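As structure tokens, the structure follows; a few thoughts come after it.
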Amino acid sequence: MALDLVQVNFKAADEAALGRFWADALGWGVSSEAPGVANVEPHGFDWPDPSVVCVDVVAVPDPETVRYRAHLDLATSSAAHQEELVARLLTLGANRADIGQGDVPWTVMADPEGNLFCVLEPRGLYADTGPIAAVVVGCSEPLATAGFWGDALGWDAYDAGADLARLRSPRGVGPFLEFVRQVDPGASSGRVHLDVLPGPGDDQDAEVARLRSLGATDVDLGQGDVPWMCLADPEGNDFCVLRPR
């Protein structure tokens, strides 16, 4: 039994506008499976595909009150590509952001609704990830948190240290999932969480029970009667277990 990391979920005041931003930023398409939802996926995408982590943007009444600790790192292939991508994102409505990062080779930015993300300098590690290099989660204990997610997803530890733990699909495709130490992860502001999907033939209820046995807990986000299950990992990061389509 294992789960697939299928998408990152952004809360937004204007899901259509933010969906268009991320579609243009990633070079993907955007559609809507339901009112208040913008689905950002590669053109011609056949969901799910282990080589792609999609983006879902969901309208909420007051996204400023929703706090998560995840962000996206975008990949580039050269210094010129990084410069061009930053310039293009600025024209799409992004802004440069100062979070006290100092003099670093990557560029910290915020999308039109204030969600932070990074445009990385070219790194060989991310040469084959696609436009999203990594989904990054801030936490107080990267090794322990990566251990939970490695067991949940069946992903391999690519690097593991006290300050950074990195996972990737054993298929060797798609973005990395990275856990970075933060002194006070509860103070980090964002509106992004992970959505996971049971594998073919696996049962949603059985997977939720397995996640609870690994240390996940149930959370009530006001979701009401929905087909997905809302949980939190041992560090309190919310995520959803989707029902297979």
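None of these values were measured; they are calculated from a predicted model. Along the sequence shown, residues are numbered consecutively beginning with 1.
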Requested in this report: To the nearest 0.5 Å, tell me how far L231 CG sits from H193 NE2.
Outcome: 10.5 Å
Query raised in the report: Same hydrophobic cluster for W22 and V37, using side-chain heavy-atom links shorter than 4.5 Å among ILVMFWY?
Result: no
**Report entry** R88 backbone acceptor or donor facing T91 side chain under 3.5 Å
**Finding:** yes
Query raised in the report: Under 4.5 Å between side-chain heavy atoms, hopping through other hydrophobics if needed: is there a path connecting W155 to V6?
Result: yes
**Report entry** Residue pair A146 / A165: nearest heavy atoms and the distance that separates them
**Finding:** CB-CB, 3.5 Å
**Report entry** Same apolar cluster: V58 and V226, side chain cutoff 4.5 Å
**Finding:** no
Query raised in the report: So do D14 and E113 actually touch side chain to side chain, heavy atoms under 4.5 Å?
Result: yes
Report summary line: All heavy atoms of A75 vs all of Y126, minimum pair found to be CB-O, 4.1 Å
Requested in this report: Using a 4.5 Å cut-off on heavy atoms from C-beta on, say whether the side chain of Q204 contacts that of V241.
Outcome: yes
Query raised in the report: Is D73 paired with R166 through a side-chain N to carboxylate O contact shorter than 4.0 Å?
Result: no
Query raised in the report: Is any side-chain heavy atom of V40 less than 4.5 Å from a side-chain heavy atom of Q7?
Result: no
Requested in this report: Could you give me the CA-CA distance, side-chain angles and deciding distance for W28 and F45, then say whether ring pair (Phe, Tyr, Trp, His ring centres under 6.0 Å) is met?
Outcome: CA-CA 9 Å; W28 292 354; F45 179 71; 7.7 Å; no
Report task. Spell out, yes or no, whether I99 and V136 are grouped together once hydrophobic residues are joined by side-chain heavy atoms under 4.5 Å, including indirect joins. Result -> no
Query raised in the report: Does atom CD of Q101 have more than 12 heavy-atom neighbours from other groups under 6.0 Å away?
Result: yes
**Report entry** Heavy-atom closest contact (E15 atom, A59 atom, distance)
**Finding:** OE1-CB, 3.3 Å
Query - Inter-residue atom distance E178.CD - T145.OG1, 0.5 Å rounding - result: 13.5 Å
Query raised in the report: Are V53 and L177 side-chain neighbours, meaning at least one heavy-atom pair lies under 4.5 Å?
Result: no
Requested in this report: Could you grab the distance from atom OG of S32 to atom CG of D56, nearest 0.5 Å is fine?
Outcome: 9.5 Å
**Report entry** D156 backbone acceptor or donor facing R168 side chain under 3.5 Å
**Finding:** no
Query raised in the report: Can you name the nearest heavy-atom pair linking R210 to A152, along with the distance?
Result: NH2-O, 2.8 Å
Query raised in the report: Under a 4.5 Å cut-off applied to non-hydrogen side-chain atoms, are L89 and T107 in contact?
Result: no
Query raised in the report: Rounded to the nearest 0.5 Å, what separation is found between the SG atom of C54 and the CG atom of L5?
Result: 10.0 Å
Query raised in the report: When you measure from the side chain of Q82 to the backbone N and O of P105, does any donor-acceptor pair fall under 3.5 Å?
Result: yes
**Report entry** M109 and its side chain to side chain contact (heavy atoms under 4.5 Å, CB included) partner, picked from V86, L74, L85, N95
**Finding:** V86
Query raised in the report: Is any side-chain N of the basic residue among R212 and D218 closer than 4.0 Å to the acidic one's carboxylate O?
Result: yes
Query raised in the report: F239 vs W149 aromatic rings, parallel, tilted or perpendicular, using cut-offs 30° and 60°?
Result: perpendicular
Query raised in the report: Less than 4.5 Å apart, any side-chain heavy atom of N39 and any of W47?
Result: no
Query - Any side-chain heavy-atom pair of P198 and L3 under 4.5 Å - result: yes
Report task. Answer yes or no: is there a donor N or O on one side and an acceptor on the other, between the side chain of E235 and the main chain of E141, under 3.5 Å? Result -> yes
Report summary line: Shortest non-hydrogen pair, L167 vs A157, comes out as CD2-CA, 3.7 Å
Query raised in the report: Roughly how far, to the nearest 0.5 Å, is OG1 of T129 from CZ of R123?
Result: 11.0 Å
Report summary line: Taking every heavy atom of G215 against every heavy atom of P234, the minimum-distance pair comes out as O-CG, 3.8 Å
Requested in this report: Let me see the working for N115 and L18 under side chain to side chain contact (heavy atoms under 4.5 Å, CB included), right down to the final yes or no.
Outcome: CA-CA 10 Å; N115 299 295; L18 193 61; 3.9 Å; yes
Query raised in the report: Do T76 and V119 have side-chain heavy atoms sitting under 4.5 Å apart?
Result: yes
Query raised in the report: Going through the checks in order, is the side chain to side chain contact (heavy atoms under 4.5 Å, CB included) test met by L72 and V135?
Result: CA-CA 5 Å; L72 299 183; V135 181; 3.9 Å; yes
**Report entry** Interatomic spacing from CG in D159 to CG in L125 - rounded to 0.5 Å
**Finding:** 7.0 Å
Query raised in the report: Hey, any chance V173 and V52 share a hydrophobic cluster, counting ILVMFWY side chains that come within less than 4.5 Å of each other, even indirectly?
Result: no
